[in-house]
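What follows is a single structure, written as structure tokens, with notes after it.
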Amino acid sequence: MNPLAFLHQPIDSSVSPSFRSSGESIALHRVNGSIVVNHLTVNYRSVQALKNVSFTVQPGTLVGIFGPNGAGKSTLVKAMLGLIPSVTGSVLYQNRPLVEQLERTAYVPQRSHIDWSFPATVWDVVLMGRVRKSGYFHRFSASSRRIAANALERVGMMEYRDRRIGELSGGQQQRVFLARSLAQEADVFIFDEPFVGVDQKTEDVLFRIFRELAQAGKIVMVVNHDLGESITHFDHLILLNRDLIASGNRTQVLTLENMTRAYGGHVRFFGNQVA
Amino acid sequence: MFLLEPLQYGFMQRSLLVAVIVGIICAVVGSYLMVRRMALLGDAISHSLLPGLAIAFILGVNIYVGAFVAGVLSAVLIGWIHTRSPIKEDAAMGIVFSAFFALGITLITIVQKTNKIDLNHFLFGNILGVTVSEVRDTAIIAAIVLLAVVLLYKELLFYCFDPMGSQATGLPVHWFNAGLMILVALTVVASMKAVGVILVLSLLITPASAAYLLVPRLHQVMLVGSGIGVFSSISGMYLSYYYNLPSGPAIVMVVSGIFFLALLFSPTCGLLTQFKQALKPDA
């Protein structure tokens with residue numbers, strides 16, 4: 001999608017009239033359950049991939065992370081989980097470093113990062129969500145198997161249980177990963193570009209379950225590839241282009257000025273390169 | 001009779017034991033190398049055993065220990081060059097293993113002038129010449145390797161399939177990676193006498209790859225691969241005994257033959273199977 005195409009639409013059309021301000025009222029009650037990112041800076045080789053990013057996410061919110069290609073969206077979530085080192089900054093969840101409570105997080109990487117020819121079945125992959133809870137040297141317990149089966153049922157993939165993962169469509173693979181994250185019984189869910197190459201049914205399942213998780217008080221953070229109509233599903237938007245451009249609800253974030261800073265600046269940058 | 005006759009000799013019993021053990025652990029550890037696309041690391045580590053082996057021999061230490069240390073050292077050095085410099089991993093492997101290999105051949109050539117030690121036995125294996133203590137060392141190594149794989153199976157499966165996802169749940173993935181390197185080093189040390197350091201790659205990768213064409217899950221790949229590995233090393237051993245062939249190459253030729261059969265006739269993805277299915281709708 002042309003990143004500038006968004007600018008040609010009236011901004012108001014992106015702001016759903018059904019926007020609920022409930023996110024803020026929850027925030028007042030459960031401020032301790034939030035994720036607080038403070039001055040996060042990440043270098044990738046010699047390039048600053050993320051500059052001094054700070055924001056707060058309340059529990060019970062569905063967060064969309066947006067920005068142009070190379071904006072550092074994946075870098076942000078990886079740095080939050082300690083998968084890549086950060087130069088400065090901290091990430092707290094319930095006032096404690098998030099990396100010290102990773103057993104409470106579920107992370108689903110981009111589908112393209114996975115070798116789908118791996119010798120594993122759908123059931124093997126969903127059970128991976130129970131590895132941490134089972135502990136070392138233990139087999140999967142009956143309750144772990146039940147939780148995994150329920151997760152698979154919830155995403156509508158139970159009948160594919162014994163299929164090799166490589167035989168599934170992209171959307172089905174994404175739903176299996178969603179089931180794995182559900183089986184983890186986490187409190188913080190992070191998905192990196194889950195909508196790339198998936199069918200409409202999978203997109204509906206993903207948004208339905210994201211909403212259920214948010215309603216259960218979980219934090220769900222979703223890195224997004226493009227600014228489609230799906231943007232209306234999110235309670236909280238984070239707009240990124242190496243710097244944090246904006247963080248807040250749709251009315252706060254989707255302003256012409258912010259969009260120009262996120263997407264227009266990128267285009268100007270290329271113009272300068274040519275000149 | 002044909003199969004039992006050689007077993008009246010002690011050396012044949014010992015070789016048979018080593019053939020079974022090596023067939024199993026190579027297939028199991030090789031399955032990890034295959035799914036992680038690190039086949040060449042197995043090759044690099046095995047070539048790097050030689051200098052450690054020679055130095056241990058000179059010092060009068062157990063040569064298995066010396067070889068193991070050199071194997072681990074080479075993996076560490078490859079990782080170090082790869083992370084601390086712009087050199088890519090495959091180049092780092094090539095640099096390190098050829099350097100180690102050259103040093104090893106030099107040292108063994110010097111040593112074998114005055115001692116009863118044959119470079120060829122380490123390069124190409126000599127399964128019919130294993131001693132009682134070598135059988136013992138091989139069995140100890142196999143016990144360690146198999147115990148580690150059984151105890152950490154679900155963690156290693158998660159890690160190999162999705163390193164990022166498993167790291168994000170707080171699993172110590174750097175230790176898993178180091179642990180897998182150690183398992184590879186142990187396995188090639190144990191297989192050195194059977195197939196030699198140059199051909200051990202075949203026993204690591206080929207049974208696992210053949211099994212991968214036949215069954216869908218990692219533990220099944222390991223089990224079927226072990227079966228293929230054991231069958232190949234035993235038949236290679238008999239070929240070596242009856243036809244006076246070098247044992248390592250005989251084993252490798254059998255296992256390669258089985259792989260090609262799997263490639264052609266696998267029920268799910270065999271080349272000939274697919275060809276037959278393509279013809280069916282017309283018939």
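FYI, side chains are in, hydrogens and waters are out, and symmetry mates aren't considered; it's all heavy atoms of this structure.
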Nearest heavy atoms of [X] and [Y], plus distance in Å:
X        : Y        : result
A/Phe137 : B/Lys154 : N-NZ, 4.1 Å
B/Val221 : A/Pro119 : CG2-CB, 4.0 Å
B/Gln167 : A/Leu102 : O-CD1, 3.8 Å

Is it the backbone or the side chain of [X] that comes under 4.5 Å from a heavy atom of chain B, or both, or neither?
X        : answer
A/Arg180 : side chain
A/Ile165 : side chain
A/Ser117 : both
A/Glu167 : neither
A/Val108 : neither
A/Leu83  : both

Is there side-chain contact between [X] and [Y], with heavy atoms separated by less than 4.5 Å?
X        : Y        : result
B/Thr169 : A/Val131 : no
A/Met128 : B/Asp162 : no
B/Met164 : A/Asp192 : no

Top contributor to chain B contacts, counting heavy-atom pairs under 4.5 Å, from A/Phe140, A/Tyr136, A/Tyr107: A/Tyr136
Heavy-atom pairs under 4.5 Å with chain B - which of A/Val99, A/Ile190, A/Ile114 has more of them than the others? A/Ile114
Rounded distance [0.5 Å steps], NE2 in A/His138 versus CG in B/Leu151: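 One finds 11.0 Å between NE2 of A/His138 and CG of B/Leu151.
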Distance, nearest 0.5 Å, that separates CG of A/Asp124 from CG of B/Leu157: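 A/Asp124 CG to B/Leu157 CG: 6.0 Å, rounded to 0.5 Å.
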Select, from B/Pro216, B/Gly170, B/Ser166, B/Gly165, the one with the greatest count of heavy-atom pairs under 4.5 Å involving chain A. B/Pro216
Counting only non-hydrogen atoms closer than 4.5 Å, does B/Val215 touch chain A with its backbone (N, CA, C, O), its side chain (CB onward), both, or neither?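 Backbone only.
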Against chain A, label B/Val35 side chain, backbone, both or neither, depending on which of its atoms sit under 4.5 Å from a heavy atom there.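 For B/Val35, the contact with chain A is made by backbone and side chain together.
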Is the number of heavy atoms from other residues, nucleotides or ligands under 6.0 Å of [X] [atom1] greater than 12?
X        : atom1 : answer
A/Tyr44  : OH    : no
B/Phe231 : CZ    : no
B/Phe260 : CZ    : no

Starting from the C-alpha separation in whole Å, work towards a yes-or-no answer on side chain to side chain contact (heavy atoms under 4.5 Å, CB included) for B/Phe158 and A/Arg132. CA-CA 10 Å; B/Phe158 192 3; A/Arg132 192 65 210 277; over 6 Å; no
Can you spot which of B/Tyr32, B/Phe161, B/Tyr159 makes a ring pair (Phe, Tyr, Trp, His ring centres under 6.0 Å) with A/Phe118?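 Single ring pair (Phe, Tyr, Trp, His ring centres under 6.0 Å) partner of A/Phe118 among B/Tyr32, B/Phe161, B/Tyr159: B/Phe161.
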